Amino acid sequence: MTPLQRIREDPDEVRATLAARGFDAPLEKILELDRKARELRRQLEDLNAERNRASRGGPPSDEVKARMRELGERIKAISGDLNALETERDEKLLWIPNVIDPRVPQGKDENDNTVVRKDAPKKLAVEPRPHWEIGESLGILDIPRGTKLSGSRFYVLRGAGAALQRALIAWMIDLKIEAGFTEIYPPSVTRRETLLGSAHLPHFDENLYRDEDDDIWLVPTAEPQLVGLHRDETFEPGALPKRYVAFTPCFRREHMSAGRDVRGIKRVHWFDKVEMVVYCAPEESPKWLERMTDLAVDVLEKLELPARVTERCAGDLGFTALRGFDVDAWGPAANEWLEVSSASDCGPLQAERSNIRFRREAGGKAEHVHILNASGVALPRLMIAIMENYQHKDGSLEIPKALRSYLRGRDKIAPGEFTL
RNA sequence: GGAGGGGUGGCAGAGCGGUCGAAUGCGGCGGUCUUGAAAACCGCUGAGGCUUUCGGGUCUCCCUGGGUUCGAAUCCCAGCCCCUCCGCCA
(Lines give C-alpha, C1' and ligand atoms only; values in the text may rest on other atoms or scores of the structure.)
Protein backbone atom coordinates (compact mmCIF):
# COMPACT_ATOMS: atom_id res chain seq x y z
CA MET A 1 0.00 0.00 0.00
CA THR A 2 1.81 3.10 -1.20
CA PRO A 3 1.29 6.47 0.49
CA LEU A 4 -0.89 7.61 -2.40
CA GLN A 5 -3.14 4.58 -2.08
CA ARG A 6 -3.33 5.10 1.66
CA ILE A 7 -4.34 8.70 1.22
CA ARG A 8 -6.93 7.91 -1.41
CA GLU A 9 -8.51 5.06 0.47
CA ASP A 10 -8.20 6.13 4.06
CA PRO A 11 -7.08 9.71 4.62
CA ASP A 12 -8.14 9.47 8.26
CA GLU A 13 -5.54 6.81 8.94
CA VAL A 14 -2.88 9.10 7.50
CA ARG A 15 -4.15 12.04 9.56
CA ALA A 16 -4.01 9.91 12.69
CA THR A 17 -0.50 8.72 11.88
CA LEU A 18 0.75 12.24 11.35
CA ALA A 19 -0.75 13.36 14.63
CA ALA A 20 0.67 10.40 16.55
CA ARG A 21 4.15 10.94 15.17
CA GLY A 22 4.00 14.66 15.60
CA PHE A 23 4.72 15.17 11.91
CA ASP A 24 3.25 17.66 9.54
CA ALA A 25 2.53 16.87 5.91
CA PRO A 26 0.40 18.64 3.31
CA LEU A 27 -2.25 15.97 3.23
CA GLU A 28 -5.17 18.13 2.09
CA LYS A 29 -3.06 19.66 -0.64
CA ILE A 30 -2.11 16.21 -1.86
CA LEU A 31 -5.75 15.17 -2.01
CA GLU A 32 -6.63 18.26 -3.99
CA LEU A 33 -3.72 17.85 -6.39
CA ASP A 34 -4.60 14.21 -6.88
CA ARG A 35 -8.24 14.99 -7.68
CA LYS A 36 -7.23 17.53 -10.28
CA ALA A 37 -4.56 15.29 -11.71
CA ARG A 38 -6.94 12.39 -12.18
CA GLU A 39 -9.44 14.58 -13.96
CA LEU A 40 -6.79 15.95 -16.29
CA ARG A 41 -5.41 12.49 -16.92
CA ARG A 42 -8.80 11.31 -18.08
CA GLN A 43 -9.07 14.22 -20.51
CA LEU A 44 -5.57 13.60 -21.74
CA GLU A 45 -6.22 9.92 -22.35
CA ASP A 46 -9.30 10.68 -24.41
CA LEU A 47 -7.35 13.09 -26.57
CA ASN A 48 -4.47 10.64 -26.91
CA ALA A 49 -6.89 7.94 -27.99
CA GLU A 50 -8.25 10.24 -30.67
CA ARG A 51 -4.81 11.07 -31.95
CA ASN A 52 -3.76 7.43 -31.96
CA ARG A 53 -6.80 6.53 -34.03
CA ALA A 54 -6.01 9.23 -36.56
CA SER A 55 -2.34 8.38 -36.92
CA ARG A 56 -2.83 4.68 -37.39
CA GLY A 57 -2.30 3.60 -40.97
CA GLY A 58 -0.25 6.10 -42.84
CA PRO A 59 -0.12 9.75 -43.84
CA PRO A 60 -3.32 11.67 -43.24
CA SER A 61 -4.88 14.26 -45.50
CA ASP A 62 -3.96 17.90 -45.10
CA GLU A 63 -7.32 18.49 -43.56
CA VAL A 64 -6.76 15.84 -40.90
CA LYS A 65 -3.24 17.11 -40.35
CA ALA A 66 -4.54 20.54 -39.56
CA ARG A 67 -7.02 19.15 -37.10
CA MET A 68 -4.38 16.96 -35.51
CA ARG A 69 -2.04 19.88 -35.17
CA GLU A 70 -4.65 21.60 -33.11
CA LEU A 71 -5.24 18.45 -31.11
CA GLY A 72 -1.53 18.22 -30.53
CA GLU A 73 -1.50 21.69 -29.04
CA ARG A 74 -4.23 20.76 -26.61
CA ILE A 75 -2.47 17.54 -25.66
CA LYS A 76 0.72 19.40 -25.05
CA ALA A 77 -1.00 21.98 -22.89
CA ILE A 78 -2.88 19.43 -20.83
CA SER A 79 0.05 17.13 -20.34
CA GLY A 80 2.12 20.08 -19.23
CA ASP A 81 -0.44 20.93 -16.59
CA LEU A 82 -0.83 17.31 -15.59
CA ASN A 83 2.89 16.90 -15.27
CA ALA A 84 3.15 19.90 -12.99
CA LEU A 85 0.31 18.62 -10.82
CA GLU A 86 1.68 15.13 -10.50
CA THR A 87 5.19 16.33 -9.83
CA GLU A 88 3.98 18.54 -7.05
CA ARG A 89 1.79 15.78 -5.66
CA ASP A 90 4.61 13.25 -5.73
CA GLU A 91 7.05 15.61 -4.04
CA LYS A 92 4.60 16.17 -1.25
CA LEU A 93 3.96 12.44 -0.97
CA LEU A 94 7.58 11.95 0.01
CA TRP A 95 6.70 13.67 3.27
CA ILE A 96 4.10 11.10 4.29
CA PRO A 97 5.63 8.93 7.02
CA ASN A 98 5.14 5.22 7.45
CA VAL A 99 2.08 3.68 9.06
CA ILE A 100 2.31 2.86 12.75
CA ASP A 101 2.15 -0.73 13.89
CA PRO A 102 -0.82 -1.22 16.24
CA ARG A 103 1.47 -2.64 18.93
CA VAL A 104 3.41 0.62 19.20
CA PRO A 105 2.77 2.39 22.51
CA GLN A 106 1.21 5.83 22.54
CA GLY A 107 3.43 8.68 23.48
CA LYS A 108 4.93 12.00 22.57
CA ASP A 109 8.69 11.58 22.86
CA GLU A 110 11.41 9.30 24.18
CA ASN A 111 10.18 9.76 27.75
CA ASP A 112 7.12 7.75 26.81
CA ASN A 113 9.06 4.81 25.44
CA THR A 114 8.39 1.45 27.03
CA VAL A 115 11.27 -0.12 28.91
CA VAL A 116 11.64 -3.73 27.82
CA ARG A 117 14.81 -4.49 29.70
CA LYS A 118 17.01 -2.57 32.06
CA ASP A 119 20.19 -3.94 33.64
CA ALA A 120 21.51 -2.67 36.95
CA PRO A 121 24.51 -0.36 36.60
CA LYS A 122 27.83 -2.04 37.14
CA LYS A 123 29.47 -1.55 40.54
CA LEU A 124 32.60 0.50 40.06
CA ALA A 125 35.42 0.66 42.58
CA VAL A 126 36.10 4.27 41.63
CA GLU A 127 34.26 7.52 41.43
CA PRO A 128 33.58 7.41 37.70
CA ARG A 129 35.44 9.89 35.56
CA PRO A 130 33.93 10.99 32.26
CA HIS A 131 35.28 9.43 29.11
CA TRP A 132 36.97 12.58 27.86
CA GLU A 133 39.08 12.72 30.99
CA ILE A 134 39.98 9.06 30.82
CA GLY A 135 40.73 9.30 27.11
CA GLU A 136 42.89 12.35 27.58
CA SER A 137 44.83 11.02 30.57
CA LEU A 138 45.53 7.74 28.79
CA GLY A 139 46.51 9.60 25.64
CA ILE A 140 44.03 7.66 23.50
CA LEU A 141 41.42 10.35 22.77
CA ASP A 142 42.48 13.74 21.46
CA ILE A 143 39.55 16.09 21.06
CA PRO A 144 41.46 19.40 20.74
CA ARG A 145 43.45 18.10 17.81
CA GLY A 146 40.32 16.72 16.19
CA THR A 147 38.90 20.20 16.42
CA LYS A 148 42.11 21.66 15.03
CA LEU A 149 41.93 19.35 12.04
CA SER A 150 38.25 19.41 11.21
CA GLY A 151 36.30 21.68 13.54
CA SER A 152 34.07 21.20 16.54
CA ARG A 153 32.63 17.74 17.13
CA PHE A 154 35.54 15.93 15.55
CA TYR A 155 38.09 13.88 17.41
CA VAL A 156 41.23 11.84 17.02
CA LEU A 157 41.87 8.41 18.45
CA ARG A 158 45.43 7.51 19.29
CA GLY A 159 47.45 4.42 20.01
CA ALA A 160 45.51 1.68 21.72
CA GLY A 161 42.40 3.85 21.58
CA ALA A 162 42.45 3.69 17.82
CA ALA A 163 43.23 -0.01 17.96
CA LEU A 164 40.39 -0.60 20.39
CA GLN A 165 37.89 0.92 18.02
CA ARG A 166 39.30 -1.04 15.10
CA ALA A 167 39.06 -4.23 17.15
CA LEU A 168 35.45 -3.48 18.05
CA ILE A 169 34.56 -3.03 14.41
CA ALA A 170 36.16 -6.29 13.32
CA TRP A 171 34.69 -8.17 16.25
CA MET A 172 31.16 -6.83 15.80
CA ILE A 173 31.19 -7.64 12.10
CA ASP A 174 32.35 -11.15 12.89
CA LEU A 175 29.46 -11.59 15.33
CA LYS A 176 27.01 -10.71 12.57
CA ILE A 177 28.68 -13.03 10.12
CA GLU A 178 28.28 -15.82 12.65
CA ALA A 179 24.61 -14.90 12.84
CA GLY A 180 24.25 -15.46 9.11
CA PHE A 181 24.77 -11.95 7.80
CA THR A 182 26.80 -11.19 4.71
CA GLU A 183 29.46 -8.54 5.06
CA ILE A 184 29.26 -5.64 2.62
CA TYR A 185 31.80 -2.91 2.07
CA PRO A 186 29.86 -0.12 0.36
CA PRO A 187 30.94 3.36 -0.72
CA SER A 188 30.54 6.01 1.95
CA VAL A 189 29.26 8.52 -0.53
CA THR A 190 26.06 8.03 -2.39
CA ARG A 191 23.68 9.45 -4.91
CA ARG A 192 20.51 11.37 -4.34
CA GLU A 193 18.41 8.48 -5.68
CA THR A 194 19.80 6.14 -3.07
CA LEU A 195 18.86 8.50 -0.26
CA LEU A 196 15.40 8.98 -1.70
CA GLY A 197 15.06 5.23 -1.84
CA SER A 198 15.91 4.75 1.82
CA ALA A 199 13.70 7.75 2.72
CA HIS A 200 16.58 9.74 4.19
CA LEU A 201 15.60 12.34 1.64
CA PRO A 202 13.82 14.60 1.73
CA HIS A 203 13.22 14.82 5.46
CA PHE A 204 16.80 14.20 6.66
CA ASP A 205 18.18 16.71 4.21
CA GLU A 206 19.42 19.27 6.71
CA ASN A 207 21.56 16.65 8.44
CA LEU A 208 23.39 15.49 5.34
CA TYR A 209 26.75 16.59 3.99
CA ARG A 210 26.90 16.87 0.23
CA ASP A 211 28.92 17.97 -2.74
CA GLU A 212 26.67 20.31 -4.66
CA ASP A 213 28.71 20.25 -7.86
CA ASP A 214 28.49 16.51 -8.34
CA ASP A 215 25.25 15.97 -6.39
CA ILE A 216 27.01 13.35 -4.32
CA TRP A 217 26.24 12.86 -0.64
CA LEU A 218 28.11 11.55 2.39
CA VAL A 219 26.19 8.70 3.98
CA PRO A 220 24.70 9.34 7.44
CA THR A 221 24.73 5.56 8.02
CA ALA A 222 25.29 2.46 5.89
CA GLU A 223 21.53 1.99 5.74
CA PRO A 224 20.90 3.83 2.44
CA GLN A 225 23.66 1.81 0.81
CA LEU A 226 22.44 -1.52 2.14
CA VAL A 227 18.90 -0.69 1.07
CA GLY A 228 20.01 0.71 -2.28
CA LEU A 229 22.00 -2.42 -2.96
CA HIS A 230 18.91 -4.11 -4.39
CA ARG A 231 17.14 -1.09 -5.84
CA ASP A 232 15.01 -2.02 -8.87
CA GLU A 233 15.42 -5.73 -8.22
CA THR A 234 12.96 -8.58 -7.77
CA PHE A 235 13.93 -11.56 -5.64
CA GLU A 236 13.02 -14.97 -6.94
CA PRO A 237 11.47 -17.57 -4.61
CA GLY A 238 13.90 -18.75 -1.96
CA ALA A 239 16.16 -15.71 -2.14
CA LEU A 240 14.84 -14.17 1.10
CA PRO A 241 15.76 -13.31 3.74
CA LYS A 242 18.77 -11.24 2.73
CA ARG A 243 20.90 -10.23 5.70
CA TYR A 244 23.66 -7.67 5.39
CA VAL A 245 26.15 -6.11 7.71
CA ALA A 246 28.39 -3.22 6.80
CA PHE A 247 30.83 -0.93 8.48
CA THR A 248 30.95 2.65 7.23
CA PRO A 249 31.80 6.05 8.54
CA CYS A 250 28.67 8.11 9.17
CA PHE A 251 28.48 11.81 8.51
CA ARG A 252 25.89 14.03 10.12
CA ARG A 253 25.70 17.77 10.21
CA GLU A 254 23.61 17.72 13.40
CA HIS A 255 22.69 21.36 12.89
CA MET A 256 19.58 20.98 14.94
CA SER A 257 21.49 19.89 18.00
CA ALA A 258 24.18 22.54 18.20
CA GLY A 259 24.80 23.18 21.87
CA ARG A 260 23.70 19.74 23.05
CA ASP A 261 26.18 17.21 24.32
CA VAL A 262 29.11 19.41 23.44
CA ARG A 263 31.68 17.66 25.59
CA GLY A 264 33.25 14.42 24.58
CA ILE A 265 32.34 12.20 21.68
CA LYS A 266 28.71 11.41 22.38
CA ARG A 267 27.46 13.51 19.53
CA VAL A 268 29.84 14.14 16.67
CA HIS A 269 29.71 14.95 12.97
CA TRP A 270 31.62 11.89 11.93
CA PHE A 271 31.57 8.46 13.50
CA ASP A 272 31.86 4.80 12.65
CA LYS A 273 29.06 2.33 12.81
CA VAL A 274 28.37 -1.30 12.08
CA GLU A 275 24.95 -1.53 10.53
CA MET A 276 22.61 -4.39 9.73
CA VAL A 277 19.86 -4.48 7.11
CA VAL A 278 17.45 -7.35 6.48
CA TYR A 279 15.10 -7.86 3.55
CA CYS A 280 12.31 -10.32 4.20
CA ALA A 281 8.74 -11.33 3.41
CA PRO A 282 6.16 -9.06 5.07
CA GLU A 283 5.01 -11.59 7.65
CA GLU A 284 8.59 -12.15 8.80
CA SER A 285 9.51 -8.62 9.72
CA PRO A 286 8.30 -8.64 13.35
CA LYS A 287 10.49 -11.65 14.02
CA TRP A 288 13.50 -9.96 12.43
CA LEU A 289 12.96 -6.79 14.38
CA GLU A 290 13.37 -8.81 17.55
CA ARG A 291 16.36 -10.72 16.29
CA MET A 292 18.15 -7.60 15.17
CA THR A 293 17.49 -5.90 18.49
CA ASP A 294 18.87 -9.00 20.19
CA LEU A 295 21.99 -8.82 18.06
CA ALA A 296 22.60 -5.28 19.23
CA VAL A 297 22.07 -6.32 22.84
CA ASP A 298 24.38 -9.27 22.27
CA VAL A 299 27.26 -6.87 21.69
CA LEU A 300 26.72 -5.24 25.07
CA GLU A 301 26.27 -8.55 26.84
CA LYS A 302 29.45 -9.98 25.44
CA LEU A 303 31.25 -6.82 26.53
CA GLU A 304 29.59 -7.15 29.95
CA LEU A 305 28.08 -3.68 29.71
CA PRO A 306 24.73 -2.85 31.33
CA ALA A 307 22.06 -2.71 28.65
CA ARG A 308 18.65 -1.16 28.35
CA VAL A 309 16.12 -1.89 25.64
CA THR A 310 13.17 0.39 25.01
CA GLU A 311 10.35 0.21 22.53
CA ARG A 312 9.91 3.55 20.83
CA CYS A 313 6.53 5.17 21.25
CA ALA A 314 4.61 6.65 18.32
CA GLY A 315 6.05 10.11 18.82
CA ASP A 316 9.63 8.83 18.88
CA LEU A 317 9.38 6.45 15.93
CA GLY A 318 10.80 8.80 13.38
CA PHE A 319 9.73 8.96 9.77
CA THR A 320 10.49 5.58 8.32
CA ALA A 321 9.83 3.00 11.01
CA LEU A 322 6.49 1.41 11.69
CA ARG A 323 7.92 -0.07 14.88
CA GLY A 324 11.28 0.08 16.58
CA PHE A 325 13.48 -0.58 19.58
CA ASP A 326 16.41 1.36 20.97
CA VAL A 327 19.34 -0.25 22.71
CA ASP A 328 21.36 1.74 25.23
CA ALA A 329 24.52 1.13 27.18
CA TRP A 330 25.00 2.59 30.65
CA GLY A 331 27.50 5.40 31.06
CA PRO A 332 28.37 5.68 34.76
CA ALA A 333 30.05 9.07 34.54
CA ALA A 334 27.69 10.40 31.94
CA ASN A 335 25.08 9.07 34.35
CA GLU A 336 22.75 8.23 31.53
CA TRP A 337 21.80 5.54 29.12
CA LEU A 338 23.69 6.01 25.86
CA GLU A 339 21.83 5.05 22.72
CA VAL A 340 24.11 2.76 20.76
CA SER A 341 21.57 1.15 18.47
CA SER A 342 18.21 1.76 16.96
CA ALA A 343 16.36 -1.11 15.34
CA SER A 344 13.56 -0.31 12.94
CA ASP A 345 11.02 -2.26 10.99
CA CYS A 346 10.41 -0.04 7.99
CA GLY A 347 7.80 -2.34 6.49
CA PRO A 348 7.44 -1.90 2.74
CA LEU A 349 8.13 1.84 2.72
CA GLN A 350 11.75 1.72 1.60
CA ALA A 351 11.01 -1.16 -0.75
CA GLU A 352 8.30 0.92 -2.40
CA ARG A 353 10.59 3.88 -2.81
CA SER A 354 13.42 1.69 -3.99
CA ASN A 355 11.32 -0.68 -6.09
CA ILE A 356 12.45 -3.85 -4.37
CA ARG A 357 10.11 -6.81 -4.66
CA PHE A 358 10.00 -10.58 -4.35
CA ARG A 359 7.96 -13.49 -5.66
CA ARG A 360 6.53 -16.15 -3.42
CA GLU A 361 6.50 -18.61 -6.29
CA ALA A 362 7.96 -18.72 -9.78
CA GLY A 363 5.90 -16.64 -12.14
CA GLY A 364 3.84 -15.25 -9.26
CA LYS A 365 3.01 -11.65 -8.67
CA ALA A 366 5.81 -9.54 -7.27
CA GLU A 367 5.23 -7.95 -3.84
CA HIS A 368 7.31 -5.41 -2.01
CA VAL A 369 9.68 -6.84 0.57
CA HIS A 370 9.89 -5.57 4.11
CA ILE A 371 13.16 -3.95 5.09
CA LEU A 372 14.59 -3.56 8.57
CA ASN A 373 17.69 -1.93 9.88
CA ALA A 374 19.56 -1.87 13.17
CA SER A 375 22.89 -0.57 14.34
CA GLY A 376 25.13 -3.24 15.57
CA VAL A 377 26.41 -0.92 17.07
CA ALA A 378 27.60 2.69 16.80
CA LEU A 379 31.15 3.21 17.99
CA PRO A 380 31.66 6.48 19.82
CA ARG A 381 29.05 5.72 22.46
CA LEU A 382 30.24 2.15 22.75
CA MET A 383 33.73 3.51 23.32
CA ILE A 384 32.32 5.86 25.96
CA ALA A 385 30.60 2.97 27.72
CA ILE A 386 33.75 0.87 27.66
CA MET A 387 35.94 3.69 28.91
CA GLU A 388 33.58 4.60 31.71
CA ASN A 389 32.69 1.05 32.80
CA TYR A 390 36.18 -0.41 32.59
CA GLN A 391 38.12 2.35 34.32
CA HIS A 392 40.29 1.33 37.25
CA LYS A 393 41.53 3.08 40.34
CA ASP A 394 45.09 3.19 39.07
CA GLY A 395 43.94 5.15 36.03
CA SER A 396 44.21 2.24 33.66
CA LEU A 397 41.55 1.02 31.31
CA GLU A 398 40.77 -2.67 31.26
CA ILE A 399 40.07 -4.26 27.90
CA PRO A 400 36.85 -6.33 27.89
CA LYS A 401 37.68 -10.01 27.68
CA ALA A 402 35.78 -10.53 24.46
CA LEU A 403 38.09 -8.12 22.66
CA ARG A 404 41.49 -9.22 23.84
CA SER A 405 42.09 -11.68 21.07
CA TYR A 406 41.32 -8.89 18.61
CA LEU A 407 43.98 -6.73 20.30
CA ARG A 408 46.82 -9.22 20.21
CA GLY A 409 46.14 -10.22 23.80
CA ARG A 410 46.20 -6.75 25.30
CA ASP A 411 44.24 -6.73 28.58
CA LYS A 412 44.55 -3.08 29.58
CA ILE A 413 45.74 0.35 28.57
CA ALA A 414 47.99 1.70 31.28
CA PRO A 415 48.75 5.32 32.12
CA GLY A 416 51.91 6.54 30.40
CA GLU A 417 51.71 4.15 27.47
CA PHE A 418 50.47 6.91 25.22
CA THR A 419 50.57 10.66 25.61
CA LEU A 420 48.81 13.33 23.67
C1' G B 1 40.43 15.46 -18.41
C1' G B 2 40.53 14.18 -24.21
C1' A B 3 38.50 10.98 -28.48
C1' G B 4 35.05 7.47 -29.99
C1' G B 5 30.94 3.56 -29.30
C1' G B 6 26.55 2.13 -26.80
C1' G B 7 21.89 1.88 -23.43
C1' U B 8 15.26 -2.02 -26.68
C1' G B 9 10.85 -7.22 -23.19
C1' G B 10 13.79 -12.46 -17.79
C1' C B 11 18.42 -12.78 -21.04
C1' A B 12 20.60 -12.28 -26.01
C1' G B 13 19.56 -9.35 -30.11
C1' A B 14 16.78 -6.91 -34.75
C1' G B 15 14.21 -2.57 -35.62
C1' C B 16 13.52 2.67 -43.83
C1' G B 17 9.74 8.73 -38.84
C1' G B 18 3.57 5.80 -39.74
C1' U B 19 0.24 -0.65 -39.78
C1' C B 20 5.93 -1.44 -33.57
C1' G B 21 4.51 -3.00 -27.39
C1' A B 22 8.11 -4.03 -30.76
C1' A B 23 11.19 -9.49 -35.46
C1' U B 24 14.22 -13.64 -34.09
C1' G B 25 16.71 -16.85 -30.61
C1' C B 26 17.17 -18.55 -25.58
C1' G B 27 14.65 -19.09 -21.11
C1' G B 28 9.68 -19.88 -18.72
C1' C B 29 4.52 -22.04 -18.90
C1' G B 30 0.95 -25.54 -21.20
C1' G B 31 0.20 -29.57 -24.69
C1' U B 32 1.41 -33.88 -28.25
C1' C B 33 4.70 -38.04 -28.16
C1' U B 34 7.08 -41.34 -24.07
C1' U B 35 6.95 -46.42 -18.81
C1' G B 36 9.39 -41.70 -17.17
C1' A B 37 12.70 -38.00 -18.83
C1' A B 38 15.35 -35.79 -22.88
C1' A B 39 14.84 -34.56 -27.99
C1' A B 40 11.25 -33.06 -31.59
C1' C B 41 6.74 -30.62 -32.71
C1' C B 42 2.34 -27.20 -31.44
C1' G B 43 0.49 -23.12 -28.54
C1' C B 44 1.11 -19.30 -24.83
C1' U B 45 4.54 -15.89 -22.43
C1' G B 46 6.50 -7.78 -20.40
C1' A B 47 4.88 -4.08 -16.72
C1' G B 48 1.71 -0.29 -14.75
C1' G B 49 -2.73 3.02 -14.61
C1' C B 50 -7.93 4.22 -15.68
C1' U B 51 -12.54 1.92 -16.93
C1' U B 52 -15.89 -2.30 -17.52
C1' U B 53 -22.72 -4.58 -18.86
C1' C B 54 -16.23 -8.79 -16.89
C1' G B 55 -16.55 -10.16 -23.38
C1' G B 56 -13.58 -6.18 -23.17
C1' G B 57 -12.22 -0.90 -23.89
C1' U B 58 -8.34 2.59 -23.34
C1' C B 59 -3.81 5.14 -21.94
C1' U B 60 1.40 5.01 -20.58
C1' C B 61 6.24 2.70 -20.68
C1' C B 62 11.96 0.82 -26.00
C1' C B 63 17.84 4.65 -19.83
C1' U B 64 15.86 9.80 -17.86
C1' G B 65 14.13 14.77 -19.10
C1' G B 66 13.17 18.28 -22.88
C1' G B 67 12.44 19.38 -28.31
C1' U B 68 11.06 18.68 -33.79
C1' U B 69 6.61 16.37 -36.30
C1' C B 70 -0.12 15.36 -38.14
C1' G B 71 2.73 11.04 -36.10
C1' A B 72 9.10 9.31 -32.49
C1' A B 73 11.99 3.09 -30.09
C1' U B 74 13.50 5.53 -34.70
C1' C B 75 15.50 12.66 -35.75
C1' C B 76 17.68 16.88 -32.35
C1' C B 77 19.45 18.73 -27.33
C1' A B 78 20.76 17.85 -22.17
C1' G B 79 21.63 14.42 -18.18
C1' C B 80 22.75 9.54 -16.06
C1' C B 81 25.06 4.89 -16.78
C1' C B 82 28.20 1.26 -19.50
C1' C B 83 32.30 -0.01 -22.99
C1' U B 84 37.08 1.06 -25.92
C1' C B 85 41.51 4.06 -26.58
C1' C B 86 44.67 8.20 -24.63
C1' G B 87 46.23 11.20 -20.38
C1' C B 88 46.60 11.50 -14.97
C1' C B 89 46.80 8.87 -10.45
C1' A B 90 46.48 5.96 -4.49
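This structure is a prediction, so every number in the text was calculated from the model and none was measured.
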For [N] and [M], measure between their [atom1] atoms and round to the nearest Å.
N	M	atom1	result
B:U8	B:G13	P	9 Å
B:U64	B:G7	P	13 Å
B:G15	B:U35	C1'	48 Å
B:U24	B:G9	C1'	13 Å
B:U34	B:A39	C1'	11 Å
B:C11	B:G27	P	16 Å
B:U69	B:C76	C1'	12 Å
B:G30	B:U51	P	34 Å

To the nearest 0.5 Å, what is the distance between [atom1] on [X] and [atom2] on [Y]?
X	Y	atom1	atom2	answer
A:Leu322	A:Asn98	CG	CG	4.5 Å
A:Leu138	A:Glu417	CG	CD	8.5 Å
A:Ile216	A:Arg191	CD1	CZ	7.5 Å

inquiry  = Any non-hydrogen side-chain atom of A:Leu382 less than 4.5 Å from a side-chain atom of A:Leu303?
reply    = yes

B:G55: syn or anti, per glycosidic angle within 90° of 0 = syn

Separation of atom NZ in A:Lys76 from atom P in B:U68, rounded to whole Å = 4 Å

task = Calculate the interatomic distance between A:Glu352 atom CD and B:G48 atom C1'; express it in whole Å.
result = 15 Å

ask   = Using a cut-off of 4.0 Å on non-hydrogen atoms, how would the nucleic acid contact of A:Arg191 be classed: base, sugar-phosphate, or nothing?
value = sugar-phosphate

query = Which is true for A:Asn83 with a 4.0 Å heavy-atom rule: it touches a base, it touches only sugar-phosphate, or it touches nothing?
reply = sugar-phosphate

Nucleotide nearest A:Asn52 (side chain, heavy atoms from C-beta), chosen from B:C81, B:U58, B:U60 = B:U60

Pull out every protein N or O sitting under 3.5 Å from an N or O of nucleotides 49-56 of chain B, one pair per line with the distance.
{"from": "B:G49", "atom 1": "N2", "to": "A:Glu45", "atom 2": "OE1", "distance (Å)": "2.8"}
{"from": "B:G49", "atom 1": "N2", "to": "A:Glu45", "atom 2": "OE2", "distance (Å)": "3.1"}

key: Nearest-nucleotide 5' precedence on RNA chain B, A:Arg357 against A:Gly72   = A:Arg357

request  = Would you please test A:Arg323 and A:Glu311 for salt bridge (charged side-chain N to carboxylate O under 4.0 Å, His left out) and show each step?
outcome  = CA-CA 8 Å; A:Arg323 192 173 185 223; A:Glu311 173 164 11; 3.0 Å; yes

inquiry  = Show, in sequence, the C-alpha distance, side-chain angles and deciding distance for A:Ile30 and A:Leu93, and conclude whether the side chain to side chain contact (heavy atoms under 4.5 Å, CB included) test is met.
reply    = CA-CA 7 Å; A:Ile30 292 171; A:Leu93 276 170; 4.0 Å; yes

